[in-house]
Number of protein chains: 2
Amino acid sequence: MVKYGMKHVSTSMNSYISYMLAAAHHAVHQTLATRLKDHGMQVETWRILETLDSEQRLTMGELARIVLMNPPTLTKMVDRMVSQGLVHRQVDASDQRKVNLLLTDLGRKRMTEIRELVRVQDREILAQLDPQQVEVLNCVLRDLSDTAG
Amino acid sequence: MVKYGMKHVSTSMNSYISYMLAAAHHAVHQTLATRLKDHGMQVETWRILETLDSEQRLTMGELARIVLMNPPTLTKMVDRMVSQGLVHRQVDASDQRKVNLLLTDLGRKRMTEIRELVRVQDREILAQLDPQQVEVLNCVLRDLSDTAG
DNA sequence: TGAATTTACTTTCCAAGTCAACTATTAATT
DNA sequence: AATTAATAGTTGACTTGGAAAGTAAATTCA
């Protein structure tokens with residue numbers, strides 16, 4: 001349930017695009033995190049599950065870039081997910097340095113449940129905007145994502 | 001210096017607006033963080049300094065909301081900043097529960113230097129976009145910031 | 001007034017993140 | 001082929017973050 005009537009905090013920071021972006025992300029992330037928490041799931045955990053479902057045979061490094069985490073952080077998060085029975089590791093046959101991550105049945109099941117919550121939030125966000133805004137936003141966010149290496 | 005030619009990572013996550021926003025934020029935050037690090041400064045630290053410079057007599061709570069931090073996290077960061085001589089605490093005269101934060105001369109000096117770096121990055125980002133996009137982006141980000149309470 | 005509640009901030013304890021170093025494997029050089 | 005360099009992932013020491021409890025001041029209300 002989206003909260004309306006939230007009083008906007010006016011601050012000099014609003015003139016910085018990097019801050020505006022951080023603030024928007026913060027707000028959206030917070031609502032999503034709260035919703036997923038009710039189902040015992042973190043946003044980052046869900047991202048990993050979702051990514052593994054669609055791209056097969058991902059290595060830790062590739063996954064780390066996609067889910068926006070540093071490798072050591074991902075390693076530890078995956079450790080936890082393994083002990084929760086959501087994923088399992090498999091050493092790559094053709095390159096033994098690489099580790100492929102695979103969803104377990106439980107992992108896929110949990111992912112599917114959570115996916116719906118994320119889609120609900122997505123629809124709520126998009127409903128606030130008009131179609132042109134959505135198009136521009138998508139385009140701009142894609143540009144910005146490629147800003148840094 | 002912005003890195004061009006960064007290969008965009010195509011992933012199913014790109015269909016989620018919350019992820020696109022996170023990815024854009026991540027990229028922008030990373031570049032800024034790297035630049036500020038060369039000057040021994042964190043993004044969050046700069047935000048605090050910048051905010052204190054323009055709004056006078058801010059309490060910890062107000063500041064926390066503006067700089068997007070939880071109160072305990074802010075308390076600890078301010079502890080560090082006090083020991084670095086960037087800010088100092090002052091108990092509010094009319095309400096002794098409140099704490100006002102004030103910039104020191106050093107804090108103001110450091111803030112002014114860093115501000116330029118942030119503005120440079122801002123200009124670089126805006127230069128990538130055309131004016132209509134910028135207007136829409138500002139408007140949309142403001143909307144999204146008010147999404148959550 | 002004074003007991004109960006609310007508000008503001010901090011502390012504590014534990015979980016999570018980070019940097020640098022480390023291991024293992026593969027690729028490149030000579 | 002043997003040595004060197006590069007890559008992939010993890011580990012370990014340390015720092016930081018966060019939820020919940022704690023402290024203290026202000027406010028409410030009986």
Please give, in whole Å, the distance from [N] [atom2] to [X] [atom1]?
X	N	atom1	atom2	answer
Arg97(A)	dT11(D)	CZ	C1'	19 Å
His29(B)	dG17(C)	NE2	C1'	13 Å
Met60(A)	dA24(C)	CE	P	18 Å
Leu58(B)	dC9(C)	CG	P	10 Å
Met81(B)	dT10(C)	CE	C1'	18 Å
Asn100(B)	dA25(D)	CG	C1'	15 Å
Asp95(A)	dG9(D)	CG	P	8 Å
Gln96(B)	dT27(D)	CD	C1'	15 Å

Inset, instruction - State whether Thr59(B) places a side-chain N or O below 4.0 Å from either non-bridging phosphate oxygen (OP1 or OP2) of dC9(C). - result: yes

Legend entry - Any Arg89(B) side-chain nitrogen or oxygen under 4.0 Å from OP1 or OP2 of dT10(C): yes

Legend entry - Residue pair Arg47(B), Glu50(B): steps toward the salt bridge (Lys or Arg N to Asp or Glu O under 4.0 Å) verdict: CA-CA 5 Å; Arg47(B) 276 189 201 146; Glu50(B) 177 73 40; over 6 Å; no

Legend entry - Expected output: side-chain Thr75(A) to main-chain Pro71(A) donor-acceptor under 3.5 Å: yes

Inset, instruction - Ignoring hydrogens and angles, tell me if any N or O in the side chain of Thr11(A) forms a donor-acceptor pair with the backbone of Asn14(A) under 3.5 Å. - result: no

Inset, instruction - Answer yes if the ring centres of Tyr16(B) and Trp46(A) are under 6.0 angstrom apart, and no otherwise. - result: yes

Inset, instruction - Go through dT10(C), dT10(D), dA8(C) for me and flag the one nearest to the Thr75(B) side chain. - result: dT10(C)

Legend entry - Closest to side chain of Lys98(A), choosing from dA8(D), dT10(D), dT10(C): dA8(D)

Inset, instruction - Can you spot which of Asp143(A), Val136(A), Asn138(A), Leu137(A) makes a side-chain contact (heavy atoms from CB on, under 4.5 Å) with Val140(A)? - result: Val136(A)

Inset, instruction - Flag yes if more than 12 heavy atoms outside Asp38(B) fall under 6.0 Å of its CG atom; otherwise flag no. - result: yes

Inset, instruction - Establish, from distance only, whether the side-chain atoms of Gln90(B) and Arg57(B) form a donor-acceptor pair under 3.5 Å. - result: yes

Legend entry - Contact state string [nucleotides 16-21 of chain D, B base, S sugar-phosphate only, - no protein heavy atom under 4.0 Å]: SSBBB-

